[in-house]
Each structure stands twice: as C-alpha cells, then as structure tokens.
K.L.:
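Okay, here's the structure, questions in a sec.
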2 protein chains.
Amino acid sequence: MKIENAIKQSSFTSNYHKMLINLMYTGNWLRDEQMKIFKQHDLLPQHFNVLRIIRGSIPGPIAPKEIKEVLIDKAGDLTRLIDKLEKKELVKRNLCPSNRRKMDISITDKGLQLLEVLNEPMEAFTRRIQQNITEDQAANLSDLLDTLRG
Amino acid sequence: MKIENAIKQSSFTSNYHKMLINLMYTGNWLRDEQMKIFKQHDLLPQHFNVLRIIRGSIPGPIAPKEIKEVLIDKAGDLTRLIDKLEKKELVKRNLCPSNRRKMDISITDKGLQLLEVLNEPMEAFTRRIQQNITEDQAANLSDLLDTLRG
DNA sequence: ATTATTTATTTGTTGCAACAAATATTGTTG
DNA sequence: CAACAATATTTGTTGCAACAAATAAATAAT
C-alpha cells in the first residue's frame, strides 16, 4: 500500500519529505508486526534481541556492557531489562569471578526453549516479506538506507 | 556508513534479514536525530506531529478523533498527549458547541511560534539528508518501502 | 419517551523508558 | 601505597505508553 493511502495524506513537499515519513511509518509498522509475535509471550522486541545476543555468546556468559555494544536499539537501562528476563527465568545472573564489577549473564534452558518457539513465527514473517519484495530489491533497499544515513 | 559497521555485525543470514535489521536501525536513527531537535523544547516527535496537525486544521479547530486518523504513529493516548501540550500553553481545548462529546483543539500563538522556531532546524536536517541521497534515490527508497509492506 | 447502541474522550492502573546519581570495584599516577 | 580516576552495574525518580474500563452524549430502536 502506497504511503499516501496508508496515512491519508495526498501530497508531500518533496520526495525527501515523503521518504522520511515513509521511513518512520514503515519502522513503526515493522515494530508493531513483530510485537504481535512477541506479545503472547509477554516480551518486547528488545527482550527478544537481548535474549538472542545472550544465546549468541554460548558457550560463555556475557556482560551487560557487551550486550549493549551489539544492540540495535542501545537501551540505557539493561539492568531492568535483564531483571525482567531473570524474573521470567529466561536468563540467570552470576557475579563474574575475575572481575567483580561485572555480571555474567547466561541463558537458561527455558530461555533457549522460548527462542526455539519464536523461531517459526519469525521465519513466517520473513516468508511474508519475501512474497512482497525480491532479494535484489531488499539488498537495494538496504544500500539506500546506508546511503541515506551518510 | 554500512549497517555491518554500524552494529558491528559482519554477516546476515540473507539480504532480507540485513534489510530488516537496517530498517529498524535506520528508523531508530531517524527518531534519535529528530529527538535531538525537539529536546531543547521538551517535546517528543509525537508532540511535534500532533502540533503540526492541529496547525493544519486552521482556520478551524480539530478533534482528537480526527488527529488520530492522520497520525503516523497512532497513539492510543491522545488525551494525555494533549494534556501536556495544553499545560505548555501550546494548544487550547474547548468543548465543541455542536457536539458535546467532542473537544475542539486549537493551536495558540505560542504554539505557532514554537513551530516557527522548529522550522529552521527541521529544514537543516532535510538539507543534511539531501547531501547524502538524491531526490530520485529518495523516491526509489520510498517506493521500495511501499513494496515491502505489501 | 424510554431504553439500548454507538461514538468521543477521559481516567485508572501497571509497567517501561530516560536520565542522573549512587555504589562498588578496578586501574593509574605521583 | 594512597589518592584519584575510570569502569560496570544498580537504584531512584519522573514521565510516558498501553490497555481496559468508565463516563458522557448523541443516535437508533421499540
């Protein structure tokens, strides 16, 4: 659906303006679509991202500091995000023995299972995208985003 | 800057995956850049959008219902958003005389002035974008976003 | 006309996000 | 080695976001 119809606005001051609006709109759309997937499990996109990063560190644990570095949306508040994951028993915290300023975060079996469960709906979403846009167009879009940011 | 460097991740499972990550990253980037502009005035992007929509209804007032229809990020909570704008004396509320379920929202002189002040930094941002990407590329990008959403 | 339904907005509640400041540990420098 | 700076995480506070439920008024149905 063209952006003009999506937000019921027929004219833009320029193609730049239209692109910027469209980018915000599409970013929100993407976030909302993914939230639908996570919602049944009482997770937010950030929780999912963090959980995957923690899994990615297997076989070792990982510190909040290191999580922050690779996070798409750099959350200022990893402590409470991990609090929530810990409360849901998806991760566990231990004091790092070699550096007591650090916490060793690792994923639990329950956390691994949840990621397994989420795998299918996430792939279904990707398949849905694949029906709309070719892989070349996707690569092209990604390059244009890089260009845009300068 | 290529997305690979921006998030320090060198490989993606596919161009689709890379595009989706890039889209979220760029959406957040755009939000953050705009927030820098609004921050000095203690506004959020949504406040700015709503304020412009209210100005757009001049010479008449506008109801929350109508604002919601054209909003990019459809906020469920317009009441409190307008509360905040009213507290800052940027808009005023009146009961609609013809339909007392509705509120007539209109922008104040102070609100108009603020939009004037924000005009320049907003245009500066657009100029910055223009240096990175041509208008044709922008139109192309916007079309690809439409295609992606299906 | 009385009741029911829909529409428009507000309110209550709960949890999350943002920012600054606090705490505790480690590293550095004179 | 004592004092200071840097690092890693937590805590406090305040405000915003999400969702359901409440209120209030207009419209429709009997």
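The figures that follow rest on heavy atoms only: side chains count, while hydrogens, waters and symmetry mates do not. First the proteins, then the strands, lettered A, B, ... as listed; each starts at 1.
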K.L.:
Which whole-number value in Å describes the distance from A:D77 CG to C:dA21 P?
P.N.:
16 Å

K.L.:
Apply side chain to side chain contact (heavy atoms under 4.5 Å, CB included) to B:Q113 and list each qualifying residue two or more places apart in sequence or on a separate chain.
P.N.:
none

K.L.:
Which pair of heavy atoms, one from A:L51 and one from A:G111, lies closest together, and at what distance?
P.N.:
CD2-O, 4.3 Å

K.L.:
Give a yes/no answer on whether the side chain of B:R80 brings an N or O atom under 4.0 Å of OP1 or OP2 in C:dT11.
P.N.:
no

K.L.:
Between D:dA18 atom P and A:F38 atom CZ, what is the distance in whole Å?
P.N.:
16 Å

K.L.:
Could you list the residues that satisfy side chain to side chain contact (heavy atoms under 4.5 Å, CB included) with B:K88, not counting sequence neighbours?
P.N.:
B:D42, B:L43, B:K84, B:L90

K.L.:
Are a donor atom and an acceptor atom from the side chains of B:N28 and A:R31 found within less than 3.5 Å of each other?
P.N.:
no

K.L.:
Round to the nearest Å and state the distance from A:D83 atom CG to D:dA8 atom P.
P.N.:
19 Å

K.L.:
Could I get the full list of side chain to side chain contact (heavy atoms under 4.5 Å, CB included) partners for B:D104, not counting sequence neighbours?
P.N.:
B:P61, B:N94, B:C96, B:P97

K.L.:
With 3.5 Å as the limit, what N/O pairs link the protein to nucleotides 14-16 of chain D?
P.N.:
from, atom 1, to, atom 2, distance (Å)
D:dC16, OP1, B:K84, NZ, 2.7

K.L.:
Is atom CD of A:E120 surrounded by more than 12 heavy atoms (other residues, nucleotides or ligands) closer than 6.0 Å?
P.N.:
yes

K.L.:
Send over the distance from A:L81 CG to D:dA8 C1', rounded to a whole Å.
P.N.:
17 Å

K.L.:
If I take atom CD in residue A:Q46 and atom C1' in nucleotide C:dA17, what distance separates them, rounded to the nearest angstrom?
P.N.:
9 Å

K.L.:
Among residues at least two apart in sequence or on other chains, which ones pass side chain to side chain donor-acceptor pair (under 3.5 Å) with A:K18?
P.N.:
A:E4

K.L.:
Figure out the CG/C1' separation between A:L95 and D:dT9, and round it to whole Å.
P.N.:
10 Å

K.L.:
Looking at B:Y16 and A:I133, what are the two nearest heavy atoms and their distance?
P.N.:
OH-O, 2.7 Å

K.L.:
Treat primed atoms plus P, OP1 and OP2 as sugar-phosphate and everything else as base, then score nucleotides 3-9 of chain C 5' to 3': B for base contact with protein heavy atoms under 4.0 Å, S for sugar-phosphate contact only, - for none.
P.N.:
----BSS

